[in-house]
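Keep in mind it's a predicted model, so treat the numbers as computed, not measured.
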Amino acid sequence: MSVAIGLPLLGGLSPDEHARVLRHARVFTFLRDQPIFRVGEPATAVYFLLDGLVKVMYGNPRGDESTIAIFQSGDTFGELFLGKYRFRVGTA
């Protein structure tokens with residue numbers, strides 16, 4: 001699992017600490033346009049994007065949508081819950 005060693009969120013960890021974190025990791029494959037998470041859902045996981053692109057969007061009740069962020073291979077996303085947000089603020 002050396003792929004995760006280059007991820008910024010894990011940058012300050014020793015190899016032993018990496019191994020401990022990765023024991024809790026699961027690998028998922030998502031299809032294009034398949035939601036990873038939706039706005040308002042409980043935020044319980046951080047995502048390490050190994051391959052591809054992920055767009056995080058926010059839509060208001062009128063149906064207007066705006067892009068919050070676009071992530072690419074090597075990026076980490078979904079970590080806002082580590083701060084003050086306990087629920088997803090966008091749909092990925």
Please list every donor-acceptor pair under 3.5 Å in which a side-chain atom of residues 43-66 meets a protein atom from a residue at least two apart or in another chain.
residue : atom : partner : partner atom : Å
Asn60   : OD1  : Arg62   : N            : 2.9
Asn60   : OD1  : Gly63   : N            : 3.1
Asn60   : OD1  : Asp64   : N            : 3.1
Asn60   : ND2  : Asp64   : OD2          : 3.3
Arg62   : NE   : Asp64   : OD2          : 3.2
Arg62   : NH2  : Asp64   : OD2          : 2.8

hydrophobic_cluster_shared for Ile70 and Leu80, side chain cutoff 4.5 Å
no

In sequence, state the C-alpha distance, the side-chain angles, and the governing distance for Phe77 and Phe37, and then conclude on side chain to side chain contact (heavy atoms under 4.5 Å, CB included).
CA-CA 11 Å; Phe77 68 99; Phe37 54 76; 3.8 Å; yes

ILVMFWY cluster, Phe71 and Ile36 together (side-chain gap under 4.5 Å)
yes

Considering non-hydrogen atoms only, spot the tightest contact between Gln34 and Phe30 and give its length.
OE1-CA, 3.4 Å

Please check this pair: side chain of Arg88 against backbone of Gly78, looking for a donor-acceptor N/O pair closer than 3.5 Å.
yes

I need the minimum non-hydrogen distance between Glu17 and Ser14, along with the two atoms involved.
OE1-N, 2.7 Å

